[in-house]
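Just so it is clear, the values below take in all heavy atoms, side chains as well, and ignore hydrogens, waters and symmetry mates.
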Protein chains: 2
Amino acid sequence: MRPVQPGKLAENTIRSSGHHMTPQRLVILEVLEGSNGHTSAEEIHSHVRSRYPKLHISTIYRALDMLKRLGLATETDLGDGKLRYHLHEKGYHHHLICEKCGRVEDMDESIFTPLKAALRRKHHFHADLRHLAIFGRCQGCA
Amino acid sequence: MRPVQPGKLAENTIRSSGHHMTPQRLVILEVLEGSNGHTSAEEIHSHVRSRYPKLHISTIYRALDMLKRLGLATETDLGDGKLRYHLHEKGYHHHLICEKCGRVEDMDESIFTPLKAALRRKHHFHADLRHLAIFGRCQGCA
DNA sequence: AGCGTGGTTGCGAATAGTTGCATCTTTGCT
DNA sequence: AGCAAAGATGCAACTATTCGCAACCACGCT
């Protein structure tokens with residue numbers, strides 16, 4: 001059993017921030033909701049092409065940018081030349097990417113708490129560490 | 001008074017790793033050495049165009065990629081749509097980038113020591129934190 | 001000095017993402 | 001329902017970066 005109307009949160013946030021809700025954005029949100037959580041603009045485009053052939057890829061990029069700026073979605077560079085997006089209804093998370101084998105491991109954000117505190121203390125800087133990709137070597141490839 | 005032949009380190013590393021030293025790479029290194037430390041491929045290209053009009057921008061990208069892979073230079077995304085490069089003869093450093101005013105503050109790498117230890121301990125991951133850009137808000141824009 | 005191998009270059013085409021602009025749509029107001 | 005204003009869309013042109021490939025050149029060996 002899935003949550004009912006999962007997209008309503010995003011929709012409300014979009015509306016209440018002065019943006020319009022359009023059919024294009026609805027479809028884009030649907031794809032993001034139905035995806036595994038690492039979706040590229042091009043993937044959204046091809047998922048959508050059959051139902052909505054005129055939806056232009058630049059509209060997708062602009063929608064993703066808006067979701068990002070509203071704090072509804074996060075953009076991640078996994079190092080393969082294209083940016084990935086996911087809605088964060090399930091909380092923020094971060095990636096450890098192995099430069100050798102390409103494996104991507106997720107981790108939660110608690111590990112950054114001390115770093116955030118140090119940046120605030122020493123640099124008076126309020127870091128936005130909601131989605132960070134850290135490159136390095138995994139256990140097997142170290 | 002400048003250091004004599006500052007580029008010899010890079011040159012030796014390039015040669016001893018089985019790569020060729022070419023006039024193109026020499027010129028590119030010269031520009032990187034004479035720059036402030038945040039140079040884009042396009043900047044290198046225009047600095048060089050007069051002396052060496054045929055040097056193609058893809059050659060610059062390839063040289064930068066090689067320097068990066070040899071650990072001689074670091075690539076940073078400062079969020080303005082183009083990647084910046086700098087040789088790290090003077091040690092690694094990191095950036096705090098304000099999302100509001102765009103100010104970039106440098107900081108040294110010691111602040112990441114606890115994070116690196118935690119990643120190794122909890123995730124068996126050997127993070128390569130040689131050049132990280134962290135976005136957020138600076139003191140004035142917080 | 002002469003030569004072969006393998007790395008390198010220039011070029012043009014491809015890819016990911018962004019931007020300007022004229023034309024719509026959504027939304028709040030009446 | 002009707003309207004104006006703000007925001008969104010589609011499109012084409014543009015930017016930054018990468019890639020395939022044929023011609024080229026650096027470097028080690030003789």
Pairwise distance [atom1]([X]) to [atom2]([Y]) - rounded to 0.5 angstrom:
{"X": "B/Ile44", "Y": "B/Ile60", "atom1": "CD1", "atom2": "CD1", "answer": "6.0 Å"}
{"X": "B/Ile57", "Y": "B/His45", "atom1": "CD1", "atom2": "NE2", "answer": "5.0 Å"}
{"X": "A/Phe125", "Y": "B/Arg137", "atom1": "CZ", "atom2": "CZ", "answer": "10.0 Å"}

Worksheet item: How would nucleotides 1-8 of chain D be written as a contact map, 5' to 3', with B for base contact, S for sugar-phosphate-only contact and - for no contact, using protein heavy atoms under 4.0 Å?
Response: -----BSS
Worksheet item: Looking at A/Ile28 and A/Thr59, what are the two nearest heavy atoms and their distance?
Response: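 Minimum heavy-atom separation between A/Ile28 and A/Thr59: CD1-O, 4.3 Å.
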Worksheet item: Which pair of non-hydrogen atoms, one from B/Arg84 and one from B/His38, has the smallest distance, and what is that distance?
Response: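 Where B/Arg84 meets B/His38 most closely, the heavy atoms are NH1-O, 3.5 Å.
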Discussion item. I'd like to know if A/Arg49 and A/Glu42 make a salt bridge, using a cut-off of under 4.0 Å between side-chain N and carboxylate O.
Written reply: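 Here A/Arg49 pairs with A/Glu42 in a salt bridge, since their nearest N and O are under 4.0 Å apart.
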In whole angstrom, what separates [X]'s [atom1] from [N]'s [atom2]?
{"X": "A/His45", "N": "D/dG10", "atom1": "NE2", "atom2": "P", "answer": "9 Å"}
{"X": "B/Asp65", "N": "D/dT17", "atom1": "CG", "atom2": "C1'", "answer": "11 Å"}
{"X": "A/Asp80", "N": "D/dT18", "atom1": "CG", "atom2": "C1'", "answer": "13 Å"}
{"X": "A/Leu26", "N": "D/dT9", "atom1": "CG", "atom2": "P", "answer": "11 Å"}
{"X": "A/Leu83", "N": "D/dA16", "atom1": "CG", "atom2": "P", "answer": "16 Å"}
{"X": "B/Ile57", "N": "D/dT17", "atom1": "CD1", "atom2": "P", "answer": "8 Å"}
{"X": "A/Arg62", "N": "D/dC11", "atom1": "CZ", "atom2": "P", "answer": "12 Å"}
{"X": "A/Asp77", "N": "D/dT18", "atom1": "CG", "atom2": "P", "answer": "11 Å"}

Practice prompt. Tell me yes or no: between the side chains of B/Ser58 and B/His56, is some donor less than 3.5 Å from an acceptor?
Written response: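 Side-chain D/A pair, B/Ser58 to B/His56: present.
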Item to complete: State, without any angle test, whether A/Thr22 and A/His20 hold a side-chain donor-acceptor pair at a distance under 3.5 Å.
Response: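 Looking only at side-chain atoms, A/His20 and A/Thr22 do not form any donor-acceptor pair under 3.5 Å.
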Worksheet item: Earliest and latest nucleotide of DNA chain C, 5' to 3', sitting under 4.0 Å from a non-hydrogen atom of chain A?
Response: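 So the outermost contacting nucleotides come out as C/dA16 to C/dT27.
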Worksheet item: How do B/Ser58 and A/Pro23 order along DNA chain D: which one's closest nucleotide is nearer the 5' end?
Response: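 The residue mapped nearer the 5' terminus is A/Pro23.
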Fill in: Contact nearer the 5' end of DNA chain D, comparing B/Tyr61 with A/Pro53
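This one resolves to A/Pro53.
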Discussion item. Between A/Arg62 and A/Asp65, does the salt bridge (Lys or Arg N to Asp or Glu O under 4.0 Å) criterion hold? Intermediate values first, please.
Written reply: CA-CA 5 Å; A/Arg62 280 187 283 230; A/Asp65 187 60; over 6 Å; no
Practice prompt. Describe the nucleic acid contact of B/Arg15 in one word from base, sugar-phosphate, nothing, applying a heavy-atom distance below 4.0 Å.
Written response: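 Counting heavy atoms under 4.0 Å across all strands, the contact made by B/Arg15 is with sugar-phosphate only.
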Worksheet item: Which residue lies toward the 5' end of DNA chain C, A/Arg84 or B/Tyr52, if each is placed at its nearest nucleotide?
Response: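 So the residue in question is B/Tyr52.
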Worksheet item: Any side-chain N or O of A/Lys54 under 4.0 Å from OP1/OP2 of D/dG10?
Response: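 No, no such contact exists.
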